[in-house]
Amino acid sequence: MNQRQMHFSPAAIVGLISLPIFIGALDLTVVSAVLPHVVYDLEIPLQSGLDDAAWVVSGYLLAYTVAMTFMGSLSDRAGRQRVYLLALAIFALGSYLVAVADGWPTDLALQIAYRLGPERPDPAYLSLWMLVLARMVQAFGGGAMVPVGMAIAGDLYPPGRRARPLGVIAAVDTAGWVVGHLYGGILTRYFDWRVIFWMNLPLCLAAFLMIYFALADLPRLPETVGRMDWSGAALISLALAALNLGLGTGAEQSSMLSLGGVSALPRFAPGYLALATLFFILFLWRQRGAANPLMPPALFRRPNFSAAGLSNFLIGVGLFIAIANVPLFINTLVAETLEQGAWDSGWMLSALTVPMALASVPGGWLTHRWGYRPPALAGLILATTGFLLMTSWQPETTYLAMIPQLALTGVGYGLTLAPIAAAVIDTSPPGQRGAASGLVIIFRLVGMTVGVSALATYGLQRANFLGWEMLGPSADLTAAARVGMQIATQVISETFLIAAVVSVFAILPSSVLKPLSTERGKP
């Protein structure tokens, strides 16, 4: 059958492109359940190798973020179908490389190392770093599919009707990283951890073939977009990478959060943050002079774009405070063992994130019916209320009491996803929807990065201050243990309050979102 004879409805296309997006988001968190198996299979010492192994998770997040900075913009220039299928192929290649990382890639790396110098690297650690590199290849493809998929939805639907498909994509993306750890845990209970990545290949092949035909009749973009700003892409990628490393979202931070703890900024933070600032300044300088800027400055002069971007950044800050505080509270004050804490934390986080994913769909419907502002404001008010209720948590608070409060916060944030995304994409010209779609996610991811750093810094400094105030310099161990739980409870309560305040601040830019009618004609 000729591809021109095949017809797919816009809803069917959104469904098709959502499947790989779901798989990519799934693999963001799936390895959190398999890291102990990876460390054991590669024969890496648990004590010394845990931080390095955590790069299997954080390296994925880093590459996932970097891909979003420019792959959406590349689709504005090279075409949605071509770039989406390229991203899907990269993701499939990365999945294959992850599955075989301790095989021929490690052997090849050993041969190269032997030729470069007399030192003989540890094959186990070399396998681990081949796995990390393979995960980053996989993440680059997975991260690129999200903004390109959102831009495709923007191309398929007219202004005023984009919120519902964008809500579906947001729900699928959120649902993926929500269930990833549970999916990984179930599979590794019965199969080798590599099976997770082998299973991606037939799914990616089937999706590739269907999407190739489904996107054949996608409306073509204008020919006036211009060439890709590769130097700008390199500068913003370096800035985000340095920011993530400087704020502690690398291996050290990841391993601490997985255990329900917090850590201060890494010792090398000032250098990385200085580099991030330098690269970001160079990026802004480049954008002002570029003929075809990666992030057109004109977009930021559009009221809805700037307001939605700021709101999304603040939502990211509050969201990560919630995601980090739940396992911190359970592991510190409730669970008796780390194993119990990890299990309970996973299920309790689902009480936050599953309602968030589900609420993003009605968020799109409400946006279609009433516009951007009402669902965004209602969602932020619900999230603020949920955080305020969580400030009352005590060690004796039951899980049954926590679940409704977590669900309320999740529903609140879920309602904001579709209107915020639609406000950004509706106000963007057709040739800049890919870049705008990437920025929707970047604003939230940068907010989450800032959120985890702020939580760690505030938590440690506040705990030290309260410890000195309550105990003094000569307290015995018994008193320290007794007061320690009181301090932890107070600090976690205060950080929930901070998240509520951040959500209130997000109400301000959301309240100035203009109705769609005032933006018509601008795209």
Side-chain angles (χ1 to χ4, degrees), residues 14-34 56-69 71-72 84 87-92 94-95 98 134-153 165-187 196-197 199-201 203-204 207 211 249 254 312 315-316 319-320 323 346 349-350 352-361 363-364 410 413-414 417-418 421 437-438 440-449:
V14 170
L16 284 175
I17 64 177
S18 295
L19 174 60
I21 289 174
F22 174 77
I23 298 172
L26 194 76
D27 279 18
L28 175 61
T29 55
V30 72
V31 296
S32 61
V34 306
V56 177
V57 179
S58 52
Y60 191 99
L61 179 59
L62 184 58
Y64 197 82
T65 304
V66 166
M68 291 182 180
T69 61
M71 291 298 281
Y84 189 91
L88 181 54
I90 292 173
F91 177 80
S95 298
V98 170
R135 284 277 294 169
M136 294 181 74
V137 172
Q138 185 191 29
F140 189 88
M145 288 188 290
V146 181
V148 181
M150 293 173 65
I152 290 172
L166 290 173
V168 170
I169 293 175
V172 166
D173 184 44
T174 304
W177 56 263
V178 164
V179 303
H181 63 286
L182 297 175
Y183 169 71
I186 292 171
L187 281 185
I196 295 172
F197 304 99
M199 288 177 61
N200 288 347
L201 300 184
L203 294 174
C204 288
I211 292 170
T249 50
S254 298
N312 215 19
I315 288 170
L319 178 61
F320 203 90
I323 291 174
L349 275 177
S350 298
L352 171 78
T353 51
V354 169
M356 179 178 168
L358 295 176
S360 60
V361 176
Y413 276 148
L417 296 179
S437 299
V440 170
I441 312 296
I442 289 297
F443 286 138
R444 188 162 71 245
L445 288 177
V446 171
M448 294 176 72
T449 301

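Everything quoted here is computed from the prediction, not taken from an experiment.
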Item to check | Student check: side-chain heavy atoms of Thr65 and Met68 closer than 4.5 Å | outcome: no
Checklist outcome for this item: Closest heavy-atom pair, Gly143 versus Ala67, reported as atoms and distance to 0.1 Å, is C-CB, 4.1 Å
Checklist outcome for this item: For Ser360 and Ala170 the tightest heavy-atom approach is OG-C, 4.1 Å
Checklist entry - Between Pro165 and Val14, which heavy-atom pair has the shortest distance, and what is it? => result CB-CG2, 4.0 Å
Item to check | Pairwise distance CG(Asn200) to CG(Asp27) - rounded to 0.5 angstrom | outcome: 4.5 Å
Checklist entry - Nearest 0.5 Å, what's the CD1-OH distance between Ile152 and Tyr84? => result 6.5 Å
Next on the checklist: How close do Val172 and Ser18 get, counting heavy atoms only, and between which atoms?
Outcome noted: CG1-O, 3.2 Å
Next on the checklist: Contact between Ser95 and Ile23 at the side-chain level, heavy atoms closer than 4.5 Å - yes or no?
Outcome noted: no
Checklist entry - At their closest point, which heavy atom of Ser437 faces which heavy atom of Ala151, and how far apart are they? => result OG-N, 3.4 Å
Item to check | Spacing of Ile169 atom CD1 and Met145 atom CE [to the nearest 0.5 Å] | outcome: 12.0 Å
Checklist entry - When rounded to the nearest 0.5 angstrom, what is the spacing between CG in Leu352 and CG in Leu319? => result 6.5 Å
Item to check | Separation of Thr353 OG1 from Tyr413 OH (nearest 0.5 Å) | outcome: 14.0 Å
Next on the checklist: How long is the straight-line distance from CG of Asn312 back to CG of Leu417, given to the nearest 0.5 Å?
Outcome noted: 7.5 Å
Checklist entry - What's the shortest heavy-atom distance between Gly141 and Ile90, and which atoms? => result N-CG2, 3.8 Å
